[in-house]
There are 2 protein chains.
Amino acid sequence: MAHDNIDLSTLTRNELLVFEALKESDSPMKAYDVLDVLKSHGVRAPMTVYRALEGLEEKGIVHKLDALNAFVLCSHDRPHQVQSFLVCSECGMVQEISPELREAPQVEDKILGVVRATGFQMREARLEMKGICQKCTGKQSAHNTAAE
Amino acid sequence: MAHDNIDLSTLTRNELLVFEALKESDSPMKAYDVLDVLKSHGVRAPMTVYRALEGLEEKGIVHKLDALNAFVLCSHDRPHQVQSFLVCSECGMVQEISPELREAPQVEDKILGVVRATGFQMREARLEMKGICQKCTGKQSAHNTAAE
DNA sequence: TTTACTGGATTATGATATAACATTGATATA
DNA sequence: TATATCAATGTTATATCATAATCCAGTAAA
């Protein structure tokens with residue numbers, strides 16, 4: 001679990017609270033869901049949560065999934081320029097593709113190559129892939145309902 | 001201009017209005033910006049705009065930029081599974097990377113390869129790259145301010 | 001003419017996010 | 001010690017983005 005490597009001493013109190021909340025969750029959390037959790041710690045205002053999330057993002061500890069307006073802990077050791085997520089339209093599962101995967105660096109390289117060719121200085125990128133995860137694919141072929 | 005190839009006859013009245021509004025704009029538009037434009041055509045409610053945008057997205061004519069909550073016309077002829085955008089943090093410029101670029105298909109192939117390996121059935125994907133565009137890079141190196 | 005369907009209008013509200021300003025507490029330093 | 005400073009936090013209000021729910025109008029098929 002990559003989260004064990006994070007230096008928690010650099011986090012502010014609120015950042016730590018948000019970090020813990022995200023760590024407990026097995027799926028991405030909306031800001032207001034985080035707020036609900038933190039209410040038991042005396043946090044009352046959305047601002048508090050958004051500020052902490054922003055700090056965690058800057059530290060590379062949290063990623064925002066723009067397509068879902070939700071936040072997840074980064075599951076990898078080193079900072080990476082390209083974050084890639086699989087999002088299941090069926091069950092909502094979100095999985096960050098590990099940059100350590102054998103082919104993943106090739107994807108990142110290809111992207112960086114294409115982008116450089118355009119004269120663009122990329123700072124970070126997010127790839128959000130929507131589809132049906134392995135689990136739900138099985139279910140779907142059984143009874144052909146639901147989905148989108 | 002790829003927009004000339006679109007079969008406008010399949011669009012509803014409101015979809016056509018939204019399409020025209022986006023076509024006039026040289027940058028992505030927020031839904032409420034579109035609404036402002038359409039007010040002169042009697043459109044009053046956000047719902048109308050969002051419905052039309054949804055229709056256009058389904059037809060592959062419009063993409064949503066989740067990171068900006070904004071919408072752009074697709075600038076390409078054929079539907080494509082992976083949409084890639086450069087977003088300048090400095091000036092707000094947004095450019096869709098053409099899937100016809102020499103290396104672009106390789107990126108898409110690499111992505112599809114990695115994803116297939118995970119058993120995920122990808123339906124569509126969006127790659128949003130944030131950074132500094134060529135124009136702004138020049139400005140920046142001159143006086144080293146701003147950004148972020 | 002009924003029925004069913006698609007698109008559209010309207011009203012209200014929900015969900016997401018930030019602006020602006022006040023307060024606190026720690027640290028530095030005059 | 002007094003006080004200046006700064007980062008973090010708290011608080012209030014409001015802006016922005018998006019959808020639910022319901023009704024209506026046109027039209028094409030039975």
Side-chain angles (χ1 to χ4, degrees), chain A residues 7-22 25 27-59 61-72 87 89 92 94 126 128 130 148, chain B residues 7-22 25 27-59 61-72 87 89 92 94 126 128 130 148:
Chain A
D7 181 5
L8 299 178
S9 69
T10 70
L11 304 187
T12 68
R13 182 171 62 86
N14 287 339
E15 285 170 1
L16 193 56
L17 288 172
V18 171
F19 173 82
E20 296 294 345
L22 287 173
S25 170
S27 61
M29 293 180 80
K30 307 263 191 178
Y32 278 73
D33 294 338
V34 175
L35 178 57
D36 282 341
V37 172
L38 265 56
K39 274 180 177 158
S40 60
H41 295 270
V43 173
R44 302 178 186 187
M47 266 311 297
T48 305
V49 173
Y50 281 108
R51 263 198 294 246
L53 285 169
E54 190 185 356
L56 291 168
E57 280 192 83
E58 278 166 7
K59 288 165 182 145
I61 295 172
V62 159
H63 301 315
K64 177 174 185 186
L65 293 164
D66 290 310
L68 303 176
N69 294 321
F71 302 83
V72 287
V87 181
S89 317
V94 172
R126 191 147 318 150
E128 299 181 18
K130 295 181 196 166
E148 192 67 9
Chain B
D7 181 5
L8 300 178
S9 69
T10 69
L11 303 188
T12 69
R13 183 171 64 85
N14 288 339
E15 284 170 2
L16 193 55
L17 288 173
V18 170
F19 172 81
E20 297 292 347
L22 287 173
S25 170
S27 60
M29 294 182 79
K30 306 263 190 177
Y32 278 70
D33 294 338
V34 175
L35 178 57
D36 283 340
V37 172
L38 266 56
K39 274 182 178 158
S40 60
H41 295 269
V43 174
R44 302 177 187 187
M47 268 311 297
T48 306
V49 172
Y50 281 109
R51 260 195 300 250
L53 284 169
E54 190 185 355
L56 290 168
E57 280 192 84
E58 278 166 7
K59 288 166 182 144
I61 295 172
V62 160
H63 301 315
K64 177 173 185 187
L65 292 164
D66 290 309
L68 304 176
N69 294 321
F71 301 83
V72 288
V87 180
S89 317
V94 172
R126 191 147 319 148
E128 299 181 19
K130 294 180 194 166
E148 195 65 16

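Protein chains get the first letters and strands the later ones, always in sequence-line order, with residue 1 at the start of each.
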Inset, instruction - Round to a whole Å and report the spacing from NZ of B:Lys59 to P of C:dT6. - result: 13 Å
Inset, instruction - Would you please confirm or rule out a distance under 4.0 Å between OP1 or OP2 of C:dA9 and any side-chain N or O of B:Arg13? - result: yes
Legend entry - Value in whole Å for how far the C1' atom of D:dA25 lies from CG of B:Asn14: 14 Å
Inset, instruction - Report the distance from atom CD of A:Glu54 to atom C1' of C:dT18, rounded to the nearest whole Å. - result: 10 Å
Inset, instruction - Working to the nearest 0.5 Å, report the span between CZ of A:Phe71 and CG of A:Asp33. - result: 11.0 Å
Inset, instruction - Provide, to the nearest angstrom, the distance between the CD atom belonging to A:Glu15 and the C1' atom belonging to D:dT9. - result: 12 Å
Inset, instruction - Look up atom NE2 in B:His63 and atom CD in B:Glu128, then write down how far apart they are to the nearest 0.5 Å. - result: 11.0 Å
Inset, instruction - Using whole Å, report how far CZ of A:Arg51 lies from C1' of D:dG10. - result: 7 Å
Inset, instruction - Find the distance A:Met47:CE to C:dA22:C1' and express it as a whole number of Å. - result: 13 Å
Legend entry - Exercise: identify the closest heavy-atom pair between B:Val49 and B:Ala31: CG1-O, 3.6 Å
Legend entry - B:Asp66 versus A:Lys130, closest heavy-atom pair with distance: OD2-NZ, 4.5 Å
Legend entry - Nearest-0.5 Å distance, CG of residue B:Asn14 to NE2 of residue B:His41: 10.5 Å
Legend entry - C:dA30: pairing nucleotide in any strand, Watson-Crick or G-U under 3.5 angstrom: D:dT1
Legend entry - Any side-chain heavy-atom pair of A:Val37 and A:Met29 under 4.5 Å: yes
Inset, instruction - May I ask you to test the B:Asn69-B:Lys64 pair for a side-chain heavy-atom distance under 4.5 Å? - result: yes
N/O to N/O distances under 3.5 Å, protein versus nucleotides 15-18 of chain D:
unit_1, atom_1, unit_2, atom_2, d
D:dC17, OP1, B:Lys30, NZ, 2.7
D:dA18, OP1, B:Lys64, NZ, 2.5
D:dA18, OP1, B:Asn69, OD1, 3.4
D:dA18, OP2, B:Tyr50, OH, 3.0
D:dA18, O5', B:Tyr50, OH, 3.4
D:dA18, N7, B:Tyr32, OH, 2.9
D:dA18, N6, B:Tyr32, OH, 3.4

Inset, instruction - Specify the separation, in whole Å, of atom CG of B:Leu11 and atom P of C:dT6. - result: 17 Å
Inset, instruction - Name the closest nucleotide to the A:Thr12 side chain, picking from D:dT9, C:dG8, D:dT11. - result: D:dT9
Legend entry - Residue-level proximity of residues 34-41 of chain B to DNA chain C when a heavy atom falls under 4.0 Å: none
Inset, instruction - Taking the side chain as every heavy atom from C-beta outward, state whether A:Leu11 and A:Lys59 have any atom pair closer than 4.5 Å. - result: yes
Legend entry - Non-hydrogen side-chain atoms of A:Phe19 and A:Leu22 separated by less than 4.5 Å: no
